[in-house]
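All of these numbers come straight from a predicted model, not from anything done at the bench. Letters go in sequence order (proteins before strands), and every chain restarts at 1.
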2 protein chains.
Amino acid sequence: MARPKTPLLSVERIVNEALAMIDDGADFGVVRLAERLGVNPSSLYNHVSGRDEIVELIRGRLADDFEIVVEPGTPWDEVVEYVVRRQRAMFAAHPLFLPLLVGKTVTDPRVISYYEDLAAALRLAGFPDAEVLDVVAVLDTFALGSGLDLSAPAEVWKTPDATSVLGRLLVSADDGASRSERAFELGLRFILAGLREHLDAISPAASPAAAITSLS
Amino acid sequence: MARPKTPLLSVERIVNEALAMIDDGADFGVVRLAERLGVNPSSLYNHVSGRDEIVELIRGRLADDFEIVVEPGTPWDEVVEYVVRRQRAMFAAHPLFLPLLVGKTVTDPRVISYYEDLAAALRLAGFPDAEVLDVVAVLDTFALGSGLDLSAPAEVWKTPDATSVLGRLLVSADDGASRSERAFELGLRFILAGLREHLDAISPAASPAAAITSLS
DNA sequence: ACCTGAACACCGTTCAAGT
DNA sequence: ACCTGAACACCGTTCAAGT
C-alpha cells in the first residue's frame, strides 16, 4: 500500500462524495466520508485542511453549479427575482446541506461573486450605496430562511391536540414541501413589491422601466 | 459522595447553566456543561434524556421568558408585528443559541402555543384557513433568517478585494449588528405591507380596521 | 507526493455500584 | 432517588513510517 502510483483521492472526489453523503441523509463527518471513499480518514488531510474546509468547498461547488448569469439590459427587479429564485433552487436541490453552513463566514470566491453581482445590480437600479448592503441582507435573510424551511423535518410542529387552531389546520394541510413553496412565493412577492415601492419613493424616475446595461 | 442529601442538580439548573454556557460563546456539549456544573457527565442523565432534550428545554425556557401576550382588540397587523418583533428580540438576546435549533422539530408546548396565538390572530383577521399556515411560514422564515443574521460572524464575507463593489461598500459600512437591524426593519415593513394588501384583495371589508376580540 | 496505522484528545450515552 | 466512575462506540486531527 502506502503511496499508490495513481492517487486515490482528489479534492474534487472528496467534495463530490461529501455532497452525495449529505444528500443521502447521512450525518456528515470525515470518518464516515473516508469510509465511503474506501480510504483511511487521515488520508483526507493530504488534500484538505479538515472538516470545515470541505463544507466551504461544497458551498463553492454549488455556487458553481448554480451560476448566476444575467443578461445585460435585464430590469433590476427581474435580476433580484432571478437571483433569489436561483439561490432557492440551489438550497432545494441539497436541502440537508444548508444547516451545515449556518454561522460560517463565506470565503469561497465563487460565492463572493454571487453577492457581487447582486450588489452591482442594486446599485445600478438606483439604490443608494448606504442601502445596498441592507437590501442584500434582506434578500439573503429571506433566501436562507426559506431554504432552512426545506431542510426542516416534515413535522415541524408536534401537536397532538387536534382541537387547537394549529392542530386543525395541520390536519387538513398538505405536505410541508408545498407549503414551503407557497410561503416562498408569498414572501418573494411581498419583498419585490416593497423594494419597488421603496425605490420609487427614493428616485421616482429610475424605478420600473430602468434597465441594467452591465453587471460587475 | 454518591447520592447527596440535597440534590446537586435539577432540570432548571441544567437548563440555566446550558444557556449561560451558550451565551458565553463556549460550544455547547454535555461534557463541558457537566464540568461547569461541577458534576460527572453521567449525572445529567438522571434529569434529562440527553443533549437534544436540553436544547429543546432551552427553547421552551426562552418562549417562557418572552411570553407573547396580546391585548384583546388589537388589530391583526399590530399582532403580527408585535409577535415578529418579540421573536426577534428573543433571538437577539441569545444569538448563539439559534444555530443549535435549526432542523429540530418543535415539541415544547410553550413554543407551540406561540404559533397557536399567531395562527388564531390571522384567522380572526380574515385570512382563509388554507392560507394561515403559509403566512405563519413566511413570518417564521423571516424571523428565523434575520435571527441567524444576528448569530453570524462579524465578517460574513471575507473579501480582500477593496476595488470590488462589495469590497467598497463593506469598507464604508458600519458594523453587522446595525445592518442586521436595518435589514430586519426593512423586511418587516415589506411583509406587513404585503400582508395588508393581500388581505385587502381577499376580503376588502375586513382589512385595516378589523380588531381581534379574543385570542386562542 | 500520497497513503497507512497508531495515537491523542475529545465527544454523547449506558450502566453497575454506591448511598 | 441521585451521584460516581468505568466503559463503549464514536468523533476530528496529528504525525511518524512507508513507498
Side-chain angles (χ1 to χ4, degrees), chain A residues 1-22 24-60 96-97 99-105 107 153, chain B residues 1-22 24-60 96-97 99-105 107 153:
Chain A
M1 343 270 124
R3 164 147 123 94
K5 59 280 166 277
T6 166
L8 299 177
L9 293 177
S10 69
V11 174
E12 202 193 352
R13 219 167 93 68
I14 291 172
V15 171
N16 284 344
E17 193 62 36
L19 183 54
M21 178 180 186
I22 291 164
D24 285 353
D27 1 314
F28 172 68
V30 313
V31 174
R32 302 290 255 278
L33 174 58
E35 203 176 325
R36 287 175 66 120
L37 288 163
V39 115
N40 195 293
S42 57
S43 303
L44 298 179
Y45 290 82
N46 286 297
H47 303 267
V48 137
S49 73
R51 194 196 135 104
D52 283 354
E53 198 191 5
I54 297 174
V55 170
E56 183 63 13
L57 284 168
I58 295 175
R59 172 169 16 204
L96 296 174
F97 174 59
L100 300 180
L101 272 189
V102 317
K104 300 240 163 100
T105 304
T107 61
Chain B
M1 344 268 124
R3 164 148 123 95
K5 60 279 165 279
T6 165
L8 299 177
L9 293 177
S10 69
V11 174
E12 202 192 352
R13 218 168 93 70
I14 291 171
V15 171
N16 284 344
E17 193 63 35
L19 183 54
M21 178 179 187
I22 291 164
D24 285 353
D27 3 313
F28 173 68
V30 315
V31 173
R32 302 290 256 277
L33 174 58
E35 203 176 325
R36 286 175 65 119
L37 288 164
V39 115
N40 194 293
S42 58
S43 303
L44 298 179
Y45 290 81
N46 286 298
H47 302 268
V48 137
S49 73
R51 193 195 136 101
D52 283 354
E53 198 191 6
I54 298 175
V55 171
E56 184 62 14
L57 284 168
I58 295 175
R59 175 175 5 213
L96 297 173
F97 174 59
L100 300 180
L101 271 189
V102 319
K104 299 240 164 99
T105 304
T107 60

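If you take CD1 on B/I54 and CG on B/L100, they are separated by 11.0 Å, rounding to the nearest 0.5 Å. Atoms CE and CG, from B/M21 and B/L96 in turn, are 12.0 Å apart once rounded to the nearest 0.5 Å.
Rounded to an integer number of Å, the gap from CZ of B/R3 to P of D/dG5 is 18 Å. Between the C1' atom of D/dG12 and the CZ atom of A/F28 lies a distance of 11 Å, rounded to the nearest Å. Residue B/D52 contributes atom CG, which lies 17 Å from atom P of C/dC11 at whole-angstrom precision. Going from atom CZ of B/R13 over to atom P of D/dC2 covers 14 Å, rounded to whole Å. Between the CG atom of B/L8 and the C1' atom of D/dA1 there is a distance of 12 Å, rounded to whole Å. Put simply, OH on B/Y45 is 17 Å from P on D/dC8, counting in whole angstrom units. Atom CG in A/N46 sits roughly 11 Å away from atom C1' in D/dC15 (whole-Å rounding).
Contact annotation: A/H47 side-chain N/O to C/dC3 OP1/OP2 distance is under 4.0 Å. Distances shorter than 4.0 Å separate some side-chain N or O of A/R51 from OP1 or OP2 on D/dG12.
For residues 42-53 of chain A, the pairs satisfying salt bridge (Lys or Arg N to Asp or Glu O under 4.0 Å) are A/D52-A/K104, with sequence neighbours left out.
Residues A/P7 and A/K5 share a closest heavy-atom pair of CD-O, 3.9 Å. Of all heavy-atom pairs spanning A/H47 and A/I14, the tightest one is CB-CD1, 3.7 Å.
Residues passing the side chain to side chain contact (heavy atoms under 4.5 Å, CB included) test with A/E12 are A/S10, A/N16, sequence neighbours excluded. Residues satisfying the side-chain hydrogen bond (donor to acceptor under 3.5 Å, both in side chains) test with A/N40, not counting sequence neighbours, are A/S42. Among residues two or more places apart in sequence or in another chain, the side chain to side chain contact (heavy atoms under 4.5 Å, CB included) test is passed with A/L101 by A/V55, A/R59, A/F97, A/L98.
Taking the side chain of B/P7 as heavy atoms from C-beta on, and the options D/dC2, C/dT13, C/dC3, the nearest nucleotide is D/dC2.
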Practice prompt. Return one dot-bracket line describing DNA chain D 5' to 3' (Watson-Crick or G-U wobble pairs, both distances under 3.5 Å; ( ) same strand, [ ] crossing, | another strand, . none).
Written response: ||.|||||...|||||.||
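Contact of the B/I58 side chain with the B/I22 side chain is registered, since non-hydrogen atoms from C-beta on lie closer than 4.5 Å. A 4.5 Å side-chain heavy-atom check between A/L37 and A/L9 finds at least one atom pair inside the cut-off.
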Identify every side-chain donor-acceptor pair in residues 24-32 of chain B under 3.5 Å, counting partners at least two apart or on other chains, and give the distances.
from  : atom 1 : to    : atom 2 : distance (Å)
B/D24 : OD2    : B/R36 : NH1    : 3.2
B/D24 : OD2    : B/R36 : NH2    : 3.1

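Within residues 31-44 of chain B, the residues having any heavy atom closer than 4.0 Å to DNA chain D are, in order of number, B/V39, B/N40, B/S42, B/S43. For the segment residues 15-22 of chain B, the set of residues with a heavy atom within less than 4.0 Å of an atom of DNA chain D is empty.
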